[in-house]
Amino acid sequence: MPNVQITFPDGTSREFAQGVTALEVAKSLGPRLAADALVAKVDSRLLDLTSPIEASGPIQFITPSSPEGLEVYRHSTAHLLAAAVTELFPDAHPGIGPPTETGFYYDFYREKSFTEEDLAKIEAKMRELQKADLPYERIHYPKEEGKKLFEQMGEFLKCQLIEEKAEPVFSAYRTGKFLDFCRGPHIPSTGRIKAFKVLSVAGAHWKGDEKSHPMQRIYGTAFFSQKDLDDFLHKLEEAKKRDHRRLGKELELFSIQDDAGPGLIFWHPKGGMVRKVIEDWLRDELLKRGYDMVYTPHAMRLHLWETSGHTNFYRENMFGAMEVENDRYQLKPMNCPGHILIYKSRRRSYRELPVRMAELGTVYRYERSGVLHGLMRVRGFTQDDAHIFCMPEQLEDEVQACVEFAFAVLSTFGFDRYEVELSARDPEHPEHYAGTVEEWERAEGALRNTLERMKIPFKTMLGEAVFYGPKIDVKLVDAIGRPWQLTTVQFDFNLPSRFELEYVGADGRPHTPVMVHRALLGSIERFFGVLIEHYTGAFPVWLSPVQAIVLPISERHGAYAREVVGQFRAAGIRTELDDRNEKLNARIRDAQLQKIPFMLVVGDREVQAQAVGVRRRDTGDMGSRSLAEFIPWLRQLIDTRAVKW
RNA sequence: GCCGGCGUAGCUCAGUCGGUAGAGCAACGGUUUCGUAAACCGUAGGUCGGGGGUUCGAUUCCCUUCGCCGGCUCCA
C-alpha cells in the first residue's frame with residue numbers, strides 16, 4: 001500500500017500508510033491528543049477522526065480549545081437531541097439541526113406540540129444515550145438508494161433535503177437508532193459530550209419559509225465543561241434581569257398601552273428626562289458638526305411616496321394611507337422625502353454643498369404584530385435622522401465623517417465595542433432594488449473604499465441593503481456582549497434622480513447631487529432600550545433622571561433638607577427630596593431600587609457642618625462632604641458626562 | 001402574519017375538578033421621628049383582558065377577539 005506524507009502544524013511531517021485514520025495519526029503522536037481531538041482538519045477540510053486519509057497533506061487536530069471544535073461538538077449534540085426525540089416520539093420527523101452562536105437547535109415536524117415536560121424527558125433520554133457512549137458512525141449511500149432508505153423510514157423531510165442537496169454519493173450519520181442525512185463531521189461518540197441542556201421549544205417554518213409547514217424548534221446548548229454551561233445559564237439570567245421592559249416599568253421610564261395600541265411608546269417623566277438629555281446633547285453635537293436642524297410633517301400626500309418609490313419598495317412597512325378631502329395622505333415611514341422637499345425649495349449652488357439636514361424625525365412603520373418587542377421593535381419611533389446632499393466627489397469624506405460621528409456618539413454613552421457591516425444588494429434579487437447595476441457597484445465601491453481608508457474591519461452582508469442604496473451599519477456590543485444594530489449610514493443615488501434634485505456647478509450647469517441618509521442612535525426608542533439594558537437601568541449621572549435625592553433623618557431636618565435641595569437645583573442638578581414618614585433605611589432602599597446615583601443623608605451632623613452624608617448607589621456610604629466641596633464635584637461629573645466615577 | 005404559551009387588585013402572584021375570589025408589596029388613615037437596603041396598626045381596592053355560547057349558575061368549559069411572552073420571518 002502506498003504511503004502518504006502528513007504534515008503537522010509545527011512543520012514536521014511523517015509517513016503513514018494510505019487510508020490511515022486521523023485517530024491513528026493522533027494516537028501515534030500521543031494518547032492525550034487522541035483523547036482530546038474531536039475532529040481533524042485535513043487539507044483545510046474538517047473530517048471525522050475515523051475517516052481514512054487518502055492523500056498527502058497537512059493535518060491539524062481540532063480540540064475543545066478551537067471555535068470550530070465547539071461548532072462540531074454542538075452539531076453532534078443536536079444529533080443526540082434528535083436521537084432522543086425520535087426514540088421518544090416516533091411521530092416526530094427531523095428537519096435540520098445546526099449549531100448556532102450560543103448552542104444549537106433541531107427542527108421537527110410533529111402534529112402534537114412538545115411541552116415543557118416533553119423537554120425534560122428529552123433531556124433525560126439524551127443523558128441516557130450520552131452515557132451509552134454511542135459512536136457517530138459515518139455511512140455512505142448512493143443517492144437513490146439512500147433516498148429510498150429514508151423514504152422507508154418515513155422521513156419525508158430528509159428525502160426532500162437529499163433531493164435538493166445530496167451529492168451522488170452522500171454521507172449519513174448513525175447514532176444508536178437515529179440515522180441522519182448529514183455532511184458532518186462529528187465527534188467520535190456521544191460519551192465525549194460533557195455538558196448540555198435542552199432550553200426551549202418554539203415555532204419555526206420549514207426552511208424558514210412562512211408558507212411552508214410549521215416546525216417545532218427545540219433549542220439547546222452544549223459546552224465543554226459544566227462550568228461553562230453554568231456561566232452561560234447565569235448569563236441568560238443576567239440578561240433577564242436587564243430586560244428593559246421590566247426595568248422600564250420599575251423605573252417608570254416608559255409604557256406601552258393597550259388602549260393606544262401595540263408598538264407605540266409612552267415616555268413617562270423619568271424616561272422623558274433621559275430622552276431630553278440625550279436629545280439636547282445630540283443637537284449641540286449636530287450644530288458643531290455643520291448640520292442644520294429641520295422639522296417636517298408627519299403625514300404628507302401619498303403621491304410624494306410614489307415619487308420616492310416607497311409605495312413600490314416599502315409598501316409592506318407603511319401604515320395605510322388616509323383620506324382627507326378627496327386626497328390621500330401617508331403617515332411617514334421615513335424622513336427623506338420631507339428633507340428633499342426642503343432641499344428643492346430653492347436653487348442650490350455647489351458652493352453651499354454639502355447641505356446637512358438633521359431632524360429628530362418621528363416615523364411610523366407597520367410591523368407585523370408578532371415581531372414587536374418592547375422599545376426594540378416598535379411601530380412609531382423617532383430617528384436621529386439626517387440627510388446629506390453633496391457632490392459625488394464629497395461623498396467619501398461625508399461618509400467618513402458620519403462614521404466618525406457615530407463612534408464619538410456611541411462612546412459618549414459608554415459603548416466601546418462595535419461590529420461594522422457593509423450591506424450590499426442581493427445580486428439574485430435585482431427586483432428589490434431601485435437603480436442600475438452600475439450605480440450599485442459604484443455606490444458599494446465608495447462605501448467599501450471609505451471603510452478601508454479608515455482601516456475599520458467590516459463584514460460584507462449581501463442582500464442587506466435598502467432599496468435605494470447600500471449602507472454601512474454599526475452594531476454596538478453591550479455590557480454582556482450582545483450586538484445591537486443602531487447606526488446606519490446609507491448611500492442613495494436613487495432619490496436625487498427620482499426627485500430631480502440639482503445643484504448648479506462651477507460650470508454654471510445643473511448637476512445631480514448624491515445623498516447620504518444616516519441615523520447614529522438609529523431610533524431613540526431602541527437606543528434607549530439598549531441603554532437601559534447596558535446599564536441595567538443605572539444610568540451615568542449625566543443621564544440619570546434623578547441625579548440626587550436628599551433624605552432628612554427626621555422631621556427636624558426638613559428645613560435644612562429643603563435648603564440643600566434648593567442649592568443642588570440651583571446648580572442644575574436634578575435633585576429630589578424624600579421626607580416621607582418612613583425610616584431612613586426604607587428610603588435608602590427605595591432610592592437604591594430607583595438606581596439614583598447619589599443619596600444625600602442629612603441629620604444633625606450635616607446641619608452643623610453645612611454638609612451632606614453621601615451614599616453612592618454602587619459602593620455605598622462615602623462619608624460626609626461639605627456642600628461647597630460636593631456640589632462642584634458632582635457638577636463636573638455631569639459636565640464631563642462621566643460614565644464611571 | 002405563523003407556531004406554542006399566557007392574561008386574576010396599581011405591581012408580583014396564589015386560587016376556583018362550574019356555586020361571582022386571596023396574599024405580599026404599593027395606595028390611603030393613624031401611631032412612630034428614626035444615621036446608610038423594608039417600623040407598627042388599620043382602611044380601601046377586583047365587570048378574574050373584551051364579546052358570544054353551553055349551563056339553574058361561568059373567573060373556571062367551548063368559540064371568538066384584543067393584548068403580552070418565547071420563537072420563525074422581517075427590520076431602526
Side-chain angles (χ1 to χ4, degrees), chain A residues 105 107 109-110 112-116 199-219 243 245-246 249-250 252 256-263 314 316-317 333-334 361 363 365-385 423 464 466 471 473-475 484-488 490 517-527 529-530 551-558 579-594 599-606 613-617 620-624:
Chain A
Y105 65 80
D107 282 350
Y109 176 75
R110 183 177 176 234
K112 281 174 70 181
S113 47
F114 292 110
T115 63
E116 288 293 314
L199 296 172
S200 58
V201 56
H205 298 274
W206 176 234
K207 292 194 286 187
D209 177 2
E210 285 186 19
K211 286 168 207 94
S212 202
H213 33 276
M215 303 286 289
Q216 298 183 65
R217 177 165 298 179
I218 301 180
Y219 284 90
D243 192 319
R245 294 167 298 186
R246 216 194 83 223
K249 192 183 280 180
E250 285 172 9
E252 293 186 84
I256 297 167
Q257 310 260 351
D258 238 25
D259 286 330
Y314 210 70
E316 294 141 27
N317 280 295
M334 290 190 192
V363 296
R365 297 185 184 174
Y366 166 70
E367 296 284 356
R368 306 201 290 177
S369 53
V371 307
L372 301 172
H373 180 92
L375 293 173
M376 303 302 190
R377 192 73 182 273
V378 296
R379 285 184 176 159
F381 58 99
T382 300
Q383 296 179 302
D384 64 321
D385 206 0
S423 296
E464 300 287 311
V466 239
K471 57 179 180 161
D473 288 331
V474 180
K475 292 186 175 176
W484 295 99
Q485 211 242 287
L486 299 165
T487 302
T488 180
Q490 312 178 341
H517 306 235
R518 48 99 297 188
L520 305 182
L521 303 179
S523 117
I524 310 264
E525 283 75 6
R526 180 181 287 182
F527 180 73
V530 172
L551 308 174
I553 285 177
S554 82
E555 261 170 32
R556 68 175 181 281
H557 309 113
D579 58 356
R580 287 175 305 157
N581 182 11
E582 291 289 347
K583 295 191 73 164
L584 179 65
N585 274 335
R587 284 175 290 150
I588 284 179
R589 180 183 143 84
D590 288 344
Q592 282 292 151
L593 292 174
Q594 283 300 302
M599 285 149 266
L600 309 173
V601 177
V602 299
D604 293 337
R605 297 200 298 265
E606 285 74 21
V614 180
R615 180 191 164 95
R616 298 169 53 126
R617 72 177 163 205
D621 195 353
M622 56 187 277
S624 233

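Every chain is numbered from 1, with letters handed out A, B, ... down the list of sequences.
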Next on the checklist: If stacking means aromatic ring centre less than 5.5 angstrom from the base's six-membered ring centre, planes under 30°, is A/Phe381 stacked on B/A76?
Outcome noted: yes

Next on the checklist: Taking any heavy-atom pair under 4.0 Å as a contact, classify A/Glu367: base, sugar-phosphate, or nothing.
Outcome noted: base

Next on the checklist: If I pick the P atom on B/U43 and the same atom on B/C62, what distance separates them, to the nearest angstrom?
Outcome noted: 39 Å

Item to check | Integer angstrom distance from the P of B/A58 to that of B/U20 | outcome: 11 Å

Next on the checklist: Once you apply a heavy-atom cut-off of 4.0 Å, does A/Lys471 come out as touching a base, just sugar-phosphate, or nothing?
Outcome noted: sugar-phosphate

Checklist entry - Just how far, in rounded Å, is P of B/G49 from CG of A/Asp258? => result 12 Å

Next on the checklist: Classify A/Asp621 by what it touches in the nucleic acid, base, sugar-phosphate, or nothing, heavy-atom distance under 4.0 Å.
Outcome noted: base

Checklist entry - To the nearest angstrom, how far is A/Trp484 atom CH2 from B/C75 atom C1'? => result 13 Å

Item to check | Donor/acceptor link under 3.5 angstrom from A/Arg518 side chain onto base of B/A76 | outcome: no

Next on the checklist: Without decimals, in angstroms, what is the distance between A/Asp243 CG and B/C11 P?
Outcome noted: 17 Å

Next on the checklist: Does B/C69 have OP1 or OP2 under 4.0 Å away from a side-chain N or O of A/Arg245?
Outcome noted: yes

Next on the checklist: Please classify the nucleic acid contact of A/Leu486 as base, sugar-phosphate, or nothing, using heavy-atom distances under 4.0 Å.
Outcome noted: sugar-phosphate

Next on the checklist: Using only modelled atom types and a 3.5 angstrom limit, is any donor from either the side chain of A/Arg368 or the base of B/U73 paired with an acceptor on the other?
Outcome noted: yes

Checklist entry - Taking the side chain from A/Gln485 and the backbone from A/Thr487, do they hold a donor-acceptor pair closer than 3.5 Å? => result yes

Next on the checklist: Any base atoms under 4.0 Å from A/Gly620, or only sugar-phosphate, or nothing? Heavy atoms, all strands.
Outcome noted: nothing

Checklist entry - If we take the C1' atom in both B/G57 and B/G18, what is their distance in whole Å? => result 8 Å

Item to check | B/A44 and B/G22, which share atom name C1', separated by this distance in whole Å | outcome: 15 Å

Next on the checklist: Let's test this: given Watson-Crick or G-U wobble pairing with both distances under 3.5 Å, identify the partner of B/C48.
Outcome noted: none

Checklist entry - Between B/C66 atom P and A/Arg379 atom CZ, what is the distance in whole Å? => result 11 Å

Item to check | Presence of donor-acceptor pair under 3.5 Å, side chain of A/Glu606 and base of B/G35 | outcome: yes

Checklist entry - Are A/Asp473 and A/Lys475 close enough for a salt bridge, meaning some N to O gap below 4.0 Å? => result no

Next on the checklist: Using OP1 and OP2 only, check whether a side-chain N or O of A/His373 sits under 4.0 Å from B/G70.
Outcome noted: yes

Item to check | P atoms of B/G10 and B/G71, separation to the nearest Å | outcome: 29 Å

Checklist entry - Between A/His557 and A/Thr488, who's closer to the 5' end of RNA chain B by nearest nucleotide? => result A/His557

Next on the checklist: With rounding to the closest Å, how many angstrom separate the P atoms on B/G42 and B/G24?
Outcome noted: 11 Å

Item to check | Atom C1', compared across B/U8 and B/G49: separation rounded to whole Å | outcome: 10 Å

Item to check | Value in whole Å for how far the P atom of B/A37 lies from CZ of A/Arg616 | outcome: 16 Å

Checklist entry - In Watson-Crick or G-U wobble terms, both distances under 3.5 Å, what is the partner of B/U20? => result none

Item to check | Rounded distance in Å - CZ (A/Arg605) to C1' (B/U36) | outcome: 10 Å

Checklist entry - Partner of B/A27 by Watson-Crick or G-U wobble geometry, both contacts under 3.5 Å, or none? => result B/U43

Item to check | Pair assignment for B/U60, Watson-Crick or G-U wobble, requiring both distances under 3.5 Å | outcome: none

Checklist entry - Which base sits across from B/G35 as a Watson-Crick or G-U pair, both distances under 3.5 Å? => result none

Checklist entry - What interatomic distance, in whole Å, is found between P of B/A21 and the corresponding atom of B/G45? => result 14 Å

Item to check | Test salt bridge (charged side-chain N to carboxylate O under 4.0 Å, His left out) applied to A/Arg556 and A/Asp604, step by step | outcome: CA-CA 9 Å; A/Arg556 68 175 181 281; A/Asp604 293 337; 2.9 Å; yes

Item to check | Distance-only donor-acceptor test (3.5 Å): side chain A/Arg526, base B/C75 | outcome: yes

Next on the checklist: Applying a 4.0 Å non-hydrogen cut-off, can you work out what A/Gln485 is touching in the nucleic acid: base, sugar-phosphate, or nothing?
Outcome noted: sugar-phosphate

Checklist outcome for this item: Contacts of A/Glu464 and A/Ser369 projected onto RNA chain B by closest heavy atom; the upstream (5') one is A/Ser369

Checklist entry - Would you say a side-chain N or O of A/Arg556 is under 4.0 Å from OP1 or OP2 of B/C34? => result yes

Checklist entry - According to a strict under-4.0 Å criterion, is A/Asn585 in side-chain N/O contact with OP1 or OP2 of B/U36? => result no

